[in-house]
Each structure stands twice: as structure tokens, then as C-alpha cells.
4 protein chains.
Amino acid sequence: MRVKPDKKESILDAAEQLFAMKGYEGSSVRDICQLASVNLAMVNYYFGNKEGLFERLIERKASFLREKLQKLLDDPSLSYIEKVEAFADGYTDRLFERRGLTLTIMREMSMQQRCHFHEAMGEIFLGNFNIMRQILQRGIEAGAFRQVDVELTIATLMGTIHQVLINENMVRKFAAVQDDTDPYDDQNFRDRVKNYIKQLLRSYLVKV
Amino acid sequence: MRVKPDKKESILDAAEQLFAMKGYEGSSVRDICQLASVNLAMVNYYFGNKEGLFERLIERKASFLREKLQKLLDDPSLSYIEKVEAFADGYTDRLFERRGLTLTIMREMSMQQRCHFHEAMGEIFLGNFNIMRQILQRGIEAGAFRQVDVELTIATLMGTIHQVLINENMVRKFAAVQDDTDPYDDQNFRDRVKNYIKQLLRSYLVKV
Amino acid sequence: MRVKPDKKESILDAAEQLFAMKGYEGSSVRDICQLASVNLAMVNYYFGNKEGLFERLIERKASFLREKLQKLLDDPSLSYIEKVEAFADGYTDRLFERRGLTLTIMREMSMQQRCHFHEAMGEIFLGNFNIMRQILQRGIEAGAFRQVDVELTIATLMGTIHQVLINENMVRKFAAVQDDTDPYDDQNFRDRVKNYIKQLLRSYLVKV
Amino acid sequence: MRVKPDKKESILDAAEQLFAMKGYEGSSVRDICQLASVNLAMVNYYFGNKEGLFERLIERKASFLREKLQKLLDDPSLSYIEKVEAFADGYTDRLFERRGLTLTIMREMSMQQRCHFHEAMGEIFLGNFNIMRQILQRGIEAGAFRQVDVELTIATLMGTIHQVLINENMVRKFAAVQDDTDPYDDQNFRDRVKNYIKQLLRSYLVKV
DNA sequence: TATGAATGAGGGTTCATTCAT
DNA sequence: AATGAATGAACCCTCATTCAT
């Protein structure tokens, strides 16, 4: 072969895909290795055990988004509502693109099984959460926003997107995409979601 | 014996609790039976198999809420925004009270495993979905609401509540409840969520 | 209901049918009771346990044939070869009619599992075996038959019929019966078998 | 270790032995693995499942005999009756040597359980069946044999041997072997059976 | 006499993991 | 670095049987 495909990466990709479709416990190490075309023992060899594989998967995701959002927070050229909207856009794009992993993480966070996962997952979550919270709080302090419920506003932002990600069947019905197309890859639908969220937040946040 | 404890119900209760905490696959029939203090074979005796138990669990939930919401839709004494708010209140209460099952269902709906579950779960979901949709659409037609994105508005309603239900750890931080109290049973917090959602929707829906 | 169907008999009938099709271990007490339309506990109530049911099934078969064959042995109006042929005819008819039970017994006799069954089954078998042996031995002593291998001759008689009973698929091919007909109920085929056996035995037994 | 015992083969040997004694359903995978001194999971590892093990067992038997018999059919140096006798000898030897598996197969063929086994088993059976049929038919056409019932003649050949194999208890009585000896390994008894069959067939087939 | 509920043992199978090579 | 063989625990489920009524 010309390019040596990184086995470690193959396993992570396969795991991400299978975890998304079948859940953590529903995905056997055997299936993951078969999908990744590597030997069964490689998971334990590279990641120690199945849980190590999962944790590595989380870390892989954690990196990029926060830096981008952090810049947003500090950008003096944007108004508060523009920052909110930019955050919403970036966050939506990110979650749509990493839909599988997002769902996997959400499922794990809603369980008390494998609680040590929560730490790593919580950090990712909390990072974005705190950035958004600062944007909102500063906007309120500056008088640009009303005295809103900051934490629940963030829950709305995240929850709306998650809800869209969860109900693929339902989305398929009202997203007006072809049957063989992934609605989450459809630009029209993604724009619709982004515009909706921005309008919703603006209605709620901005003083009339 | 004085009171005959209904074994069938015990099993369902135990399953609801364990599924919520550890997921469907993470909960073994053994564990469920042990928690319910019944013999291992009773699950198969009463429900055929583990999947039958799950389906029965779904059906048990399905019953009450929809009738109540349906009445809402047809109540002529309420304005459109009052209907939306009443729906939000009822839905929030319901999901808070049945938090465990709600999370279990959400997790299953976000997976492609055990797809035959989706039918039963989808019906529950779709029922509430359609009622809310009708309220919104009629409100729009009547000119009481703006030309909003109906489906995504519903996603916001549901998604916000789910997001709150998922992140127990985070909720605990900003809900200001005592450590040993279930924040979802705290009346202050629940009212906070309900008020937030109503205000959010009112901001978005009602013309200025 | 008008005629009260004998439950005991219903169970025996159902068991005979299921044992024949699926074997002793392949037939669950549940299936038997369901086919017999009786309560699950009736098997243990009437027969003690599953093995008792089987033994009772054997006894039910044991009765009729031997008496008929015994009369044959003592009938002075028949020649030796006529006795052999009458025996073959009667035996063939009997085994064809009770095909299921015959197969069940054969299977059990060929296993070392549940050896206590062998006694009851062996008696049935041995009874017929001994009658035929006497016929043959007396025929040899009287000079009507050649000095043949008596025991193996009986094995041929029984084995040929069993072989025909076992291979239903093969029989169906060369028995020239309609697809929906039980070849063992087809008179032509049964006559063919009977004539074949008689001719075979005559060729072997009778001096030229 | 010096000699590496083939685990796969050990399992097959153990299964052959247990299936013969206790039947397919009466032999648990646990028992088989214990007898073979291998881990419980090895059956699934090597054969997929218990049925796969059985099928593999059949295939292992299928190989040798037919080639030998086929050569017989085409050997120009033998007369028709010599071919029949050679076939009978070879077939008897083979079935005596593989008594356990023969009984197992016969039992399975006589049941409607696990019908997919029948294909593989039927092929083995049919192969030998067809060779013998051709020998007989050509002998008849050549005028060496009488106009006999070909199919039932084969049933007699097979059935007689099977009958001897089934009734170990009875065989023990008239085979005149020591109590601790397997009568099927006794050369005298085997010769007796072979001679009997050859004489029986010659009587029936050959014109006087 | 007859039943539905209940039991404990054991069934086949899959799992994550380890080991010798 | 990488593998195929091997392991023991646990999985869900079915079994024949028993018990209170």
C-alpha cells in the first residue's frame, strides 16, 4: 500500500461510527476492529481497554471548537448579539458535523454508568458553556440584553440542536430532503436551523 | 400476607429505574429481577423477553399525558398563547416527574439499535408533537403568532427540557438546591424552568 | 361441551405427535400441553413427570400387536412361510400406522440417555422378536427353511421397514404419491413394501 | 509441549461421542467442551455455534467412503454380484466403524427438527444410495439380476445394518462376545453380519 | 380436579480481555 | 508491532417442576 493508514485513527473512526449507531455497550470491540480492518487485540494494545478507547475518542473531539469560540468572546469588533449569533452558528455547525459523537456523549452524560467518563465529557461541555455564559452575562451587564435566565438560555441553545440531532426520522419528514440524503448535510436545512436559533435568541435576549 | 405486591409492577419499576441509570444494555435482567426481588424467570414469564419488558414500559408511560393535552387544544376559553403556556407547563411537569423514562427513551431514539422500539416511542412523541403543532399553526393562522418555524419551536420546547434533564451535575450547580435533594423535585427550580420556557416562547411567538 | 375429551389421552396424543417430529428432548412439556389444550401442570399431575409421560406412551403401544402375532404362531392351518409372510404383513401395517411412535422408540433405543426407558421399549421389541424367532426356528427344524441366520433375518425385517420410515424425503421421491399425501398412508406404496419384504424373505428362507 | 493436540479435532471427537450417546439436544456444549478439555467458548470460536459443530461433524464423515464405492462401480473386473457384495462389505465396515455418527445422523434424519441439517446429511446418504442403485440397475439390465425392487433392496441393505447398530443390547445377547468387549469391534460378529447380508442379497438378486 | 404463578438449574451464546508467539 | 488462539465471566432465555389456591 502507498499510504499507511494509521491504525489507531482507523479504530477511533470505527468506534465513533459504531458508538453513534449502536451505543457504547451495543458496540462490541470485535465489531469495531472488524470495521476498522484491524486485529481484535489492537484495541487493548493501543488503548488499554474499551473504556480507554472511548476516553481517547472524547479527547479527540475536545480540541478545536473552544479556541474558536474563545476568540469570539474576546473579539471587540462584535456586538453582544453578534457574538451570540456567531456562537450559535459555530456551535450548530460543529454539532451537525460531529453528530454521531455528540449523540454518544449526550447518552453517556445522561447515565450514571461509567461515571468516570463524565469528567472528560463535562470539561468539553463546560468549556463551551462558560464561554456562552460570559457572553450573555456581559451583555446583560452592558444593558444590551434583558435580565434573562442565563443558564437556561444556554440549555435552550444546546437542547434545541440536540433535539434536532436526535430525531432523524422526524427531521427527515419536515426537512424536505431526498430520501437518500443525510438531512444534516443539507445546507438548506442547516441554514434553517441556524436562522431559527438566532431569531429565537434575539427575540428573547434583546430589549424591545 | 396482607398486601400482595404486584410483581409485574415491581419489575417495571425496577426496570425503569435501572434503564434510566445504566441504559438498556447496561441493565441486565438479573439486576432488574434482583432489584424487584423477583425470580429471574419472571421477566420472560410476564413480558416474553427483555425487549417485551421495555415495550411494556413505554406503553405504561404513553397513556395519561396526551389526553390532558388534547383537551387543552380544544379548550375555547384559552387564548393561543395561554394554550402554549399550558402545554409547556404540563409537558415540563410530566417530563420532570418521569425523568428516568424520558432519558431512556431519548437515548433509544438516538440509536439505530433496536429500531422496532422506535415505532412505539415515536407514537408517544409524535402525539404530543402534533398537538403542539396544531396549537402553533392555528395561532399563526389566527394572527396571534408571528410566522414562526413551527417544528423547530417544538424542538426548542422539548430540547430545552431534555437538556435540563440530561445534565444533572450541571443543574445541581446552578439550581441552588441542597446536596441530598433531587433538583428535579425542587419546586423552585421547576418553576424557574417553567417560567423561563413560557417567557422564551412568548418572546418568540407573540407579535410586538 | 358435549363429549368430555379425555385430557390424559389428549396429552398422550400430543406427546406422541411432538416426540415423533421433534424428539423427546426437543419437545417441551409446554408445547405438549399447548397442543393438547390442557394446563401446563397436568403432565406432572397425571404422569408425575415428563419421563412418566413417555413411559405411559410406550405402554399404550405395547398392547395389541403381540396378541395378534402370537395367534399366528400357534395357527396350525398356516405353513411356515405363510406364517412369516403374515407376520411381515402385520408388522409392516402396524409400524406404518404408528410411524411416529416407532421412530421415537428407535431413537431412544439407539441412545444411552434415559436408559430406564430401554426396559419397557425392549420388552415390546423383544416380544415381537421372540415370536418371529420361534417361527423361523421351527421352520428350520421342520426343514421348511434353510439354515439361515435367524437373528439377522429379523433385523432385516425390522430394519427395512424402519429405513423406509426414516427417510420420508427419499420415499417421497420414489413412492410416486402426490405432494400433499402422506406416502405412508398410500395403499399402493404400502403394498409395494409388503410384497417386497415377503419376496425377499421367501428368496432367502425357502429351499430351492 | 511436545505434541500439540488439535483442539478443533478434540471438540469434534468429543461431540461425535456425546451426540452418539446422548443425542444432539441431550449433549450440552458445556459437556462437549469438558470432555474435550477445552474452554466453553471454543465451540463458538471454531464452529460459530452448536449447529455449526454438528454440520462440520457431518462433513468430516462425508469424504472417504464415496470415492471408494465409486471406484467399485467402475471396476470392470468385477461381476455385478461381486460389486454388490463388495459394496455391502465396504458399507458394513464403514458403518460399524463410525457407528456413533451413523446413529446420530439416522436420528436427525427421522426428525423434522433442524431440517437444514437434512441437506448435508441427505447428500451423504444419497451419494451412496445412487451408487448402489446404479449397480443394481445395470445388473438388471444386463440380465444378471432379477427384476427386483431396487430402492427397497437398498433400504434392506442399509436398514439391516442400522438395525444391528441400534440394538446394542440385543446384539450383545446373540453375538457371543465377552461382556467388556464392544461387539461391533468383534471380527467374528462383523464377518457374520457381512456374510449374512451377502447371502441375503444373492438369494434375492440372482436368478436361479 | 385443576390452575396460574413462581422457581432454580441449566441451556447456548457473546463479551472484553489476555497470552504466546 | 502485531496476531490468532484462548479464556472465564456474564449475557438472555427456556426448561421441567412445584406450589398455593
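Proteins come first, then strands; the chains are lettered A, B, ... in the order of their sequence lines, and each starts at number 1.
Taking only side-chain atoms of S28(D), from C-beta outward, the nucleotide of dG11(E), dG8(F), dT18(F) with the closest atom is dG11(E). Ranking dA5(F), dT13(E), dG8(F) by closeness to the L40(D) side chain, first place goes to dT13(E). Of the candidates dG4(E), dC13(F), dT14(F), dG4(E) carries the atom nearest the A41(C) side chain, counting heavy atoms from C-beta on. Among the nucleotides dT7(E), dT3(F), dA16(E), the one closest to any side-chain atom of K7(B) is dT7(E).
Nucleic acid contact for N49(D): sugar-phosphate only, since backbone atoms but no base atoms lie under 4.0 Å from a heavy atom of the residue. Contact annotation for Y46(C): backbone-only contact, meaning every heavy-atom pair under 4.0 Å involves sugar-phosphate atoms and none involves a base.
Results of the salt bridge (charged side-chain N to carboxylate O under 4.0 Å, His left out) test with R114(D) over E119(D), E51(D), E25(D) single out E25(D) as the only residue that passes. Partner M21(B) forms a side chain to side chain contact (heavy atoms under 4.5 Å, CB included) with one of Q112(A), M111(A), Q113(A) and no other, that one being Q112(A).
The CG atom of N44(D) sits 13 Å away from the C1' atom of dC11(F) (whole-angstrom rounding). I32(A) has its CD1 atom 11 Å from the P atom of dT17(E), to the nearest Å. Computed from coordinates, the E25(A) CD to dA9(F) C1' distance equals 15 Å when rounded to whole Å. The separation between N39(D) atom CG and dT14(E) atom C1' is 12 Å, rounded to whole Å. As a whole-Å value, the separation of K8(A) NZ from dA2(F) P is 11 Å. A straight line from OH of Y45(B) to P of dC12(F) spans 21 Å, rounded to a whole angstrom. Between the CD1 atom of I11(D) and the P atom of dT13(E) there is a distance of 13 Å, rounded to whole Å. Atom CG in D31(C) sits roughly 11 Å away from atom C1' in dT14(F) (whole-Å rounding).
Between V29(D) and G26(A), the residue anchored closer to the 5' end of DNA chain E is V29(D), taking for each the nucleotide with the nearest heavy atom.
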Base-pair string, DNA chain F, Watson-Crick plus G-U, cut-off 3.5 Å on both distances, | for inter-strand, is .||||||||||||||||||||

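No side-chain heavy atom of L53(D) sits under 4.5 Å from any side-chain heavy atom of Y46(D).
Judged by distance alone, with hydrogens and angles left aside, R30(D) brings a side-chain donor or acceptor within reach of the base of dG12(E), the pair sitting under 3.5 Å.
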Inset, instruction - Could you give me the CA-CA distance, side-chain angles and deciding distance for K8(C) and F47(C), then say whether side-chain contact (heavy atoms from CB on, under 4.5 Å) is met? - result: CA-CA 9 Å; K8(C) 224 164 164 172; F47(C) 305 99; 3.7 Å; yes

E108(A) vs H118(A), test: side chain to side chain donor-acceptor pair (under 3.5 Å). Steps then yes/no.
CA-CA 8 Å; E108(A) 288 300 315; H118(A) 289 41; over 6 Å; no

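Side-chain N or O atoms of R107(C) include one that pairs as donor or acceptor with a backbone N or O of S110(D) at under 3.5 Å.
Using a 30° and 60° split on the angle between ring planes, F54(A) and F117(A) fall in the parallel class, below 30°.
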